[in-house]
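The block underneath contains the structure these notes are about, expressed in structure tokens.
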Amino acid sequence: DLSAVRQFMDDAKLGEGTLADVAALSGGTQNIMIRFERSGRGYVLRRGPLHLRPHTNRAFAREMRVLQALAQTPVPHPGFISGCDDPTVLGGALFYLMEPVDGFNPIDGLPDAYASAPVRRAAVLAAVDALASFAALEPASVGLDDIGSPAGFVERQVDRWLGDLAKYQQFERYRGQLVDGVDEVAAWLRRHQPTAWKAGLMHGDFHLANVMFCRDKPQVAAIVDWEMCTQGDPLLDLGWLIATGPDADGESLLENPLYEIDLGLTQNDIVQRYAAGSDRDLSDIDWYVVLACFKLGIVLEGTYARSLDGLAPVETGQRLHHHCRLLIDRALRTVR
């Protein structure tokens, strides 16, 4: 409802007149983004999916807050302009406006400057550096010490995500389906849980599809999609990045053009690069990679379950169901 957006912007004194050059932005499987101009200034609007889930608006309220907090840090992120916390304005969905990012998402293709393996390798390592800089933030120093529940975060992960998987049985057409191997992975995670860990801020969905790079050089322009940001164990973000990249056989969960050629990057290279910007104990990184496969697989399976009941696009549901299978299989290779 562009008229509602225009009225919101009028009230916030953000330009005048019509919204020009309105275009949908791709890149996500769930949320909606559009780009437009008003009074010569560019904007990107972000809101939840057409079929809002129970927690969507709460997550968006948190994302708005996180982006505002990051403004005082060196962490690359989209600039926050204004947010609407009144769900009645736009059909029940909270939304916010941010600055357009001058960069590209590698999932959508690579510019000419990224033709060579050394440049692509440098870009991946730049993403690792950006992640480490975010994990190094003290939550209280940016006013985010009250988000999430860091106490017991690692200890509750297995039960938390098995519980979500069980809830998918509420969807009529999904009822009775199982994800093979999940119980075996869960048992391994329980047996090998780290005995000590350090709480901090985590992105919650850190992979290269949520990173935008500068077009002319291998630097991070912005980390995007902060709706799952919380306090927990930041090493899960590192595990997430590794889990969604190429495995030992060169196969990658994400169809990422950055990895279309061999970058000569191993898991150890990524871990060592992260270690250069972090004081965290990385000796249990395999546990975090397996947990990332386990958690992300279950999250993606939820979209598949909803798609069977018509609450998400069927094609998206089928694709993410396939990715769930790939993730659990990858976890099983480590577990076994």
Side-chain angles (χ1 to χ4, degrees), residues 74-76 103-107 109-111 113-137 192 194 197-198 200-214 216-224 233-297 323 326-327 329-336:
V75 178
F104 73 96
N105 187 310
I107 304 303
L110 306 177
Y114 285 73
S116 70
V119 171
R120 297 185 192 190
R121 177 188 173 101
V124 175
L125 294 177
V128 177
D129 292 342
L131 177 61
S133 73
F134 172 63
L137 296 177
H192 295 84
W197 58 279
K198 180 182 176 182
L201 291 170
M202 51 183 291
H203 178 276
D205 191 19
F206 191 84
H207 49 73
L208 295 185
N210 281 338
V211 177
M212 297 185 70
F213 293 93
C214 299
D216 58 345
K217 54 190 173 184
Q219 293 182 5
V220 174
I223 301 170
V224 299
D233 190 336
L235 291 186
L236 181 53
D237 279 341
L238 179 59
W240 208 271
L241 176 64
I242 294 169
T244 54
D247 61 16
D249 297 325
E251 297 294 325
S252 176
L253 170 69
L254 294 173
E255 296 175 2
N256 190 333
L258 279 172
Y259 292 133
E260 285 177 348
I261 56 179
D262 184 8
L263 306 186
L265 265 180
T266 66
Q267 174 174 316
N268 187 60
D269 292 329
I270 291 174
V271 171
Q272 291 304 312
R273 182 63 171 243
Y274 186 93
S278 173
D279 60 359
R280 296 178 183 275
D281 181 358
L282 299 171
S283 58
D284 288 320
I285 191 59
D286 281 345
W287 188 86
Y288 292 96
V289 175
V290 171
L291 176 60
C293 291
F294 175 81
K295 174 180 174 179
L296 181 53
H323 286 168
L326 293 177
L327 283 161
D329 287 347
R330 180 167 185 170
L332 286 170
R333 288 195 293 275
T334 299
V335 165
R336 292 170 177 172

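What you see is a predicted model, and the numbers here were worked out from it, not measured in a lab.
Minimum interatomic distance between Phe104 and Gly109 (heavy atoms only, all atoms of both residues): CD1-O, 3.4 Å. When all heavy atoms of Cys293 and Ala331 are compared, the closest pair comes out as CB-CB, 3.8 Å. The two atoms that bring Ala126 and Pro218 nearest to each other are CB-O, 3.6 Å, heavy atoms only. The two residues Leu201 and Pro234 have their closest heavy-atom pair at O-CG, 3.3 Å. The shortest heavy-atom contact between Ala123 and Tyr114 is CB-CE2, 3.8 Å. In this structure, Ile285 and Gly239 approach most closely via the heavy-atom pair CD1-N, 4.4 Å.
Inter-residue side-chain proximity for Tyr274 and Val271 is flagged as unmet; no heavy-atom pair is nearer than 4.5 Å. Considering only heavy atoms from C-beta on, Pro118 stays 4.5 Å or farther from Arg121 through its side chain. Between Leu282 and Leu235 the shortest side-chain heavy-atom distance falls below 4.5 Å. Side chains of Tyr288 and Trp197 form a contact here, defined as non-hydrogen atoms less than 4.5 Å apart. Contact annotation: the side chain of Tyr259 never approaches that of Pro106 to less than 4.5 Å [non-hydrogen atoms, C-beta and beyond]. When side chains are defined from C-beta on, Arg280 does not count as touching Leu238, because their heavy atoms never get closer than 4.5 Å. By the 4.5 Å heavy-atom criterion applied to side chains, Asn256 and Ile107 are counted as neighbours. Between Leu296 and His323 the shortest side-chain heavy-atom distance does not fall below 4.5 Å.
Taking the six-membered ring for Trp and the full ring otherwise, Phe206 and Phe134 have centroids separated by 6.0 Å or more.
Of the residues Leu327, Leu236, Val290, the one that meets the side-chain contact (heavy atoms from CB on, under 4.5 Å) test with Lys295 is Leu236. When the options Asp284, Asp279, Asp233 are evaluated for a salt bridge (charged side-chain N to carboxylate O under 4.0 Å, His left out) with Lys198, the one that passes is Asp279.
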### Message
Show, in sequence, the C-alpha distance, side-chain angles and deciding distance for Val124 and Leu263, and conclude whether the side chain to side chain contact (heavy atoms under 4.5 Å, CB included) test is met.
### Response
CA-CA 9 Å; Val124 175; Leu263 306 186; 4.1 Å; yes

### Message
Please evaluate residues Leu125 and Leu265 with respect to the criterion side chain to side chain contact (heavy atoms under 4.5 Å, CB included), reporting the C-alpha separation (whole Å), side-chain torsions for both, the decisive distance (0.1 Å), and the verdict.
### Response
CA-CA 9 Å; Leu125 294 177; Leu265 265 180; 3.9 Å; yes

### Query
Does the pair Asp205 and His207 meet the rule for a side-chain hydrogen bond (donor to acceptor under 3.5 Å, both in side chains), with working shown?
CA-CA 6 Å; Asp205 191 19; His207 49 73; 3.2 Å; yes

#### Entry: Chi angles and distances behind the side-chain hydrogen bond (donor to acceptor under 3.5 Å, both in side chains) call for Thr266, Asn268
CA-CA 5 Å; Thr266 66; Asn268 187 60; 5.0 Å; no

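A distance of 14.5 Å separates CD in Gln219 from CE in Met212, rounded to the nearest 0.5 Å. Here the straight-line distance linking atom CG of Leu241 with atom CG of Leu208 works out to 5.5 Å at 0.5 Å rounding.
When atom types are taken as modelled, the side chain of Asp237 and the backbone of His203 share a donor-acceptor pair closer than 3.5 angstrom. For the pair Ser278 (side chain) and Ala275 (backbone), a donor-acceptor distance under 3.5 Å is absent.
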